[in-house]
Amino acid sequence: MELSKSAGSIKHSAIRRMFNKAMQYDHVISFTLGEPDFTASPNVVEAGCEAIREGKTKYSANAGIVPLREAVAASLKRDMDMEYDPATEISITTGGMGALFLTLKSLVNPGDEVIICEPYWTNYVQQVQMCDGVPVFVVCREDNDFMLDLKDLENAVTDKTKVLIINSPSNPTGSVLDEATLSGIAEIAKAHDLVVISDEVYKTIVYDGLKYKSISQFPGMKERTVVVNSFSKGYAMTGWRVGYAAGPDWIIDCVTKLQEDVAACAAMPCQYAALEALTGSQEFNHYMVEKYAERRKVMVEKLNEIPGVSCKAPKGTFYAFANIKELGLGSQDFADKLLEEKQVVVVPGTAFGEGGEGYIRLSYATDMKNIVEGLKLIGEFATELMNSK
Ligand code: PLP
């Protein structure tokens, strides 16, 4: 008896490994959290509870309840001036992960290549492998603000390339693709007939008045882009598991068809909660982003005060991706030793692919006290490392 080759080849996440290691200690300061430290706003919670009380606890249509699809379409119109037909071009899924997986499963044949920007959110790789596709990595470098270099992208395309996944704002680097880069990516996608999966789950968590732009808004791109989004990050609803895919009807039709066989639908009460999240007051989101902005400022300032460490301010998300190259330890060693010596947990950059070597990811979805205390300890650790050189 043996596991399938595709399942067997999938590795456990390095983030989980750090998490398990940290469990051995009574008190640790953790910067690993990939989810908001807030819970969904009371009106959203109440909408979910009300749906349960009213018996809205059945299977919904595979594509999700109609009012939620309509609300998603309205939000895409409002935010991006894009028209999506809620009947055929939007499917509600179990989180962004459900949307990503079902989209990949709809598109990828065994051996098809899927281009992924590195450092990457690891689930992309695993999901491509689960579809028997071949992940191909394009490294995004710090000197290019961790954006995709168009020449590198062009060089990575082969006649087997079918899909390109972009993630802006990016987990783990916090980078946001600028208009010129998006426009260049769009030209390459059209020239090589690629489908672009645009993972926009952090799109509402951006700073300094940045106006978010999606690749789907570029000429000729709506018909070859699947926008993936979710309620997890922007609305602090990670455990509610609601997301969506919006894209061309022939892909969305398949996503919905496959949904029948995997989850049937996103949980119905959670869909009603998501409906309230989209249509109710947006004040809570703005509050969360304000809090993240305050923490980001402190975190980046403090990181840059540490000898041998530097960090550019992330343009979006709640992650700082700090450069530790001068300290002379690999990312994994740094993270392991920091935990052992100071009981502070960070994610080594290599958890996001080899292109993350020399970096650590710190989530600031944690309170200010932890940020101040944790960075003091990282500062002590880095100083000791520098002195021992
Ligand atoms: N995309 C990125 C880049 C993420 O970081 C995550 C979660 O960490 C997701 C998608 C999936 O989010 P969810 O399935 O909770 O909506």
Side-chain angles (χ1 to χ4, degrees), residues 15-16 18-45 121 169-174 201-208 210 230-240 277 281-306 309-322 324 334-335 338-349 351-352 359-383:
I15 304 182
R16 180 61 51 185
M18 283 311 295
F19 193 80
N20 292 343
K21 217 176 153 192
M23 303 260 282
Q24 300 165 12
Y25 298 87
D26 287 340
H27 175 71
V28 291
I29 297 182
S30 177
F31 292 113
T32 58
L33 215 62
E35 62 181 341
D37 54 325
F38 302 94
T39 46
S41 63
N43 59 318
V44 169
V45 174
W121 181 58
S170 149
N171 173 9
T173 66
V201 302
Y202 293 95
K203 116 174 169 181
T204 54
I205 308 174
V206 290
Y207 307 106
D208 303 329
L210 193 141
S230 119
F231 295 83
S232 291
K233 315 289 176 173
Y235 292 96
M237 291 177 69
T238 44
W240 297 74
S281 160
Q282 303 296 302
E283 225 170 87
F284 179 62
N285 308 41
H286 300 144
Y287 169 78
M288 281 193 295
V289 177
E290 266 169 35
K291 288 286 150 208
Y292 293 141
E294 286 166 16
R295 298 167 184 181
R296 161 186 176 256
K297 185 167 177 291
V298 172
M299 182 169 258
V300 170
E301 267 172 23
K302 294 211 173 288
L303 279 168
N304 284 314
E305 283 167 10
I306 298 175
V309 177
S310 63
C311 183
K312 289 188 177 167
K315 294 198 165 74
T317 72
F318 38 68
Y319 305 112
F321 205 59
I324 54 155
F334 180 94
L338 177 66
L339 174 59
E340 285 155 24
E341 292 180 22
K342 304 287 176 189
Q343 285 81 62
V344 174
V345 210
V346 297
V347 182
F352 311 100
Y359 296 88
I360 51 170
R361 189 194 77 173
L362 300 98
S363 161
Y364 46 91
T366 183
D367 65 33
M368 197 65 106
K369 188 168 157 277
N370 273 353
I371 293 173
V372 173
E373 262 178 46
L375 287 183
K376 187 169 152 276
L377 291 166
I378 297 176
E380 286 171 14
F381 179 65
T383 309

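For the numbers below, each heavy atom of this structure counts, side chains included, while hydrogens, waters and symmetry mates do not. Keep in mind the model is a prediction, meaning the values are calculated, not measured.
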Nearest 0.5 Å please: distance from the CH2 atom of Trp240 over to the OG atom of Ser232.
12.0 Å
For the pair Arg361 (side chain) and Val346 (backbone), establish whether a donor and an acceptor sit closer than 3.5 Å, ignoring hydrogens and angles.
no
Spacing of Lys315 atom NZ and Leu210 atom CG [to the nearest 0.5 Å]:
7.5 Å
Between Arg296 (side chain only) and Pro314 (backbone N and O only), is there a donor and an acceptor less than 3.5 Å apart?
yes
Tell me whether Glu283 at atom CD has more than 12 heavy atoms from other residues, nucleotides or ligands lying less than 6.0 Å away.
no
If you compare all heavy atoms of Ser363 against all heavy atoms of Met299, which two are closest, and at what distance to 0.1 Å?
O-CE, 4.1 Å
Taking the six-membered ring of Phe19 as reference, does the NZ or CZ atom of Arg16 fall below 6.0 Å from its centre and within a 45° cone about the axis?
yes
To the nearest 0.5 Å, how far apart are NZ in Lys369 and CG in Asp367?
7.0 Å
Measure centre to centre between the rings of Tyr359 and Phe352, then say whether the value is under 6.0 Å.
no
Between Tyr207 and Tyr364, what is the ring plane arrangement, given parallel below 30°, perpendicular above 60°, and tilted in between?
tilted
Just checking, any donor-acceptor pair under 3.5 angstrom between side chains of Tyr235 and Gln282?
yes
With a 4.5 Å cut-off on side-chain heavy atoms, are Val206 and Pro169 touching?
yes
Please check if the side chain of Lys302 supplies one atom and the backbone of Gly379 the other of a donor-acceptor pair under 3.5 Å.
no
To check you understand the geometry: which heavy-atom pair defines the closest contact between Ala365 and Asp37, and what is its length?
O-CB, 3.2 Å
Give the minimum heavy-atom separation between Ile15 and Ala351, together with the two atoms involved.
CG1-CB, 4.3 Å
Hey, are Glu380 and Lys342 close enough for a salt bridge, meaning a charged N less than 4.0 Å from a carboxylate O?
yes
Locate the shortest heavy-atom distance separating Met288 from Ala236; write the atom from each residue and the value.
SD-CB, 3.8 Å
Nearest-0.5 Å distance that lies between atom CG in Leu303 and atom CG in Leu362
5.5 Å
Can you classify the ring geometry of Tyr202 versus Tyr319 as parallel (below 30°), tilted (30 to 60°) or perpendicular (above 60°)?
perpendicular
I'd like to check Val28 versus Leu339 (side-chain heavy atoms, cut-off strictly below 4.5 Å). Are they in contact?
yes
Could you tell me whether the side chain of Thr238 reaches within less than 4.5 Å of the side chain of Pro36, counting heavy atoms only?
yes
Salt-bridged, Glu294 to Lys291, with N to O below 4.0 Å?
yes
Heavy-atom side-chain proximity of Ile205 to Lys233 below 4.5 angstrom
yes
For Val345 and Ile29, what are the C-alpha separation, side-chain angles and deciding distance, and is it a side-chain contact (heavy atoms from CB on, under 4.5 Å)?
CA-CA 6 Å; Val345 210; Ile29 297 182; over 6 Å; no
Keeping the roles fixed (side chain from Asn304, backbone from Val300), state whether a donor-acceptor pair exists under 3.5 Å.
yes
Hey, does Ile371 have a side-chain heavy atom less than 4.5 Å from the side chain of Thr366?
yes
Neighbour count >12 (heavy atoms, 6.0 Å) for atom OH, Tyr287:
no
How far does CG of Asn370 sit from CG of Leu377, to the nearest 0.5 angstrom?
10.5 Å
Write down the atom of Ala40, the atom of Val45, and the distance for their closest heavy-atom approach.
O-CG2, 3.6 Å
Evaluate the criterion side-chain contact (heavy atoms from CB on, under 4.5 Å) for residue pair Phe31 and Ile378; output intermediate values, then yes/no.
CA-CA 11 Å; Phe31 292 113; Ile378 297 176; 4.2 Å; yes
Working to the nearest 0.5 Å, report the span between CZ of Phe38 and CG of Asn285.
11.0 Å
Closest approach of Val309 and Ala382, non-hydrogen atoms and distance?
CG2-CB, 4.5 Å
Do the side chains of Met368 and Arg295 get nearer than 4.5 Å, heavy atoms only?
yes
